[in-house]
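In listed order, ligands and their atoms are each counted from 1. Just so it is clear, the model here is predicted, and its values are computed rather than measured.
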Amino acid sequence: MMECSWKAVLLLVFASLGIQYSAIKSLRKAYEAPCPSMTVQNQCLQRDMKDTATRLLCEEFNKLHASASQHNRKHIIIFATTRTGSSFLGQIFNQNPDIFYLFEPLYHVQKTFSNSSSRMQVGSGSLVGAFRDLLQNLYNCDFYFFENYISPAPKNHVTSTIFRRGSSNALCSPPLCDKIQRREHICSRKCRPLNFTLVSESCKTYKHIAIKTVRIPKISDLRTLVEDPRLNLKIIHLVRDPRGILASRISTFIDLYQPWKIWNSIGRKPRNIDLTQITSTCADLSSSVETGLSRPPWLKGRYMLVRYEDIAMDPVKKAKEMYDFLGLEWREDVQMWIEQNTNGSIVPSVNFKYSTSRNSAETSENWRLHLCLDIVQKLQELCNVTFSLLGYKMVDSVLQLKNLSNSLVEPRIFFPFT
Ligand SMILES: *[C@@H]1O[C@H](CO)[C@@H](O)[C@H](O)[C@H]1NC(C)=O
Ligand SMILES: *[C@@H]1O[C@H](CO)[C@@H](O)[C@H](O)[C@H]1NC(C)=O
Ligand SMILES: *[C@@H]1O[C@H](CO)[C@@H](O)[C@H](O)[C@H]1NC(C)=O
Ligand SMILES: *[C@@H]1O[C@H](CO)[C@@H](O)[C@H](O)[C@H]1NC(C)=O
Ligand SMILES: *[C@@H]1O[C@H](CO)[C@@H](O)[C@H](O)[C@H]1NC(C)=O
């Protein structure tokens, strides 16, 4: 018992000095190991509180304990690439009033660096490092750090140039807006400019924080964040059939994917096409999926793989599975939102087509009607590893490609790593 208290004191002192988390982690382990049933709190209760030093330490401990219930606070990252349905998936968290949800805050980091003279490339170490630093600060509700990336620079911590502010209900609700504005374009028009001091305060009042990003290349780029025990980070990894991703990009990013559009209409590969636009996506996808499915200890309890096509098949069921994995309570209002927005109709503010139809081919495999066989086969060749990892079937004829009666999505269950 003496030894336990002694270690508790050490832990407290180190924690209050703000020693690195790795040090705290090993101390915690040392403390927990020899006396598993004994909490420091109990010891504090048993102690003679006349001893000032002990009292101070116990007070300090209570603070620590309070922040441990912060530990119950979930920090969620929706990890995806563009055109995988991540906006819709984000809504499953955005619609929950307990969750402070942010839509692509890393956009601002990428923009800053892509315009700087040094021009850091996506995937370069320093850019990923900057992404991580920003996430770390945001999960701690520190928005001043964010200001470094806002252009023009905020004045007195106030800005009106946050990317897609309206995609975050939290940023369009009191105290940041006079009343809650759920429609994206109305939020940016009617709510006053964002005051980051107030954003930080508001953020702290929410039970959980969720951030969506399509900008981090690999799951392994998140490792240092995942290993920070103060953060309690959990990853929802969203993936999609690369053929569907490409078809969606061709119709969305018109300029960037112009050569692909030409390829698609003439059915023959143009000479100067940049294949890395899709091969790098596939390489990142398979690398991340391999990391996740190999279940390394650092991802234990923190990783769940979700296929877009499975969400499309039954959004409520999948959403419930995600909430379960994250340890969040299911909410009727989230369910209602999903039901109202997954009826095959395009909801303008969501910009995403989904169907509750059992015939998932109707929407999630719609790309098959729009992509030519030549591109499909090239993709199957370039991305074969991704296909086999995720259970997407290959086709070798137009007949197979266009016959939506046969799904190209193999039924597979990817159990969350708990
Ligand atoms: C990028 O940098 C150029 C030159 O420094 C500047 O004129 C331009 O406004 C910047 N663009 C953005 C989006 O920041
Ligand atoms: C921003 O919000 C803080 C906290 O409510 C307040 O003290 C400050 O005056 C506000 N700043 C501006 C420029 O309105
Ligand atoms: C979906 O929309 C159709 C047409 O607007 C409507 O008839 C149907 O009742 C809706 N289904 C659900 C489950 O809301
Ligand atoms: C993918 O293709 C390469 C090269 O053709 C081949 O060596 C490899 O075995 C294939 N992998 C899978 C999983 O099909
Ligand atoms: C599509 O596939 C289904 C099931 O295999 C088959 O019954 C049907 O004849 C096919 N349709 C065409 C047009 O080939």
Sequence neighbours excluded, which residues qualify as disulfide (SG to SG under 2.5 Å) partners of Cys372? none

Who are the side chain to side chain donor-acceptor pair (under 3.5 Å) partners of Asp255, not counting sequence neighbours? none

Assess the pair Trp337 and Phe88: is the distance between their ring centroids shorter than 6.0 Å? yes

Output all residues satisfying side chain to side chain donor-acceptor pair (under 3.5 Å) with Lys378, sequence neighbours left out; order by chain, then residue number. none

Mind checking whether His108 and Phe146 have parallel, tilted or perpendicular rings, split at 30° and 60°? perpendicular

Between His157 and Tyr144, is the ring centroid distance below 6.0 Å? yes

Test your reading of the structure: does Ser405 have an N or O sitting under 3.5 Å from an N or O of ligand 5? no

Could you check ligand 2 for N or O atoms lying under 3.5 Å from protein N or O atoms and list the pairs with distances?
| from | atom 1 | to | atom 2 | distance (Å) |
| --- | --- | --- | --- | --- |
| ligand 2 | 2 (O) | Asn195 | OD1 | 3.4 |
| ligand 2 | 2 (O) | Asn195 | ND2 | 2.3 |
| ligand 2 | 11 (N) | Asn195 | ND2 | 2.9 |

Go through ligand 4 atom by atom and flag the ones less than 4.0 Å from a non-hydrogen atom of Ser388. 13 (C)

Is the NZ or CZ atom of Lys234 both under 6.0 Å from the centre of the six-membered ring of Phe325 and within 45° of that ring's axis? yes

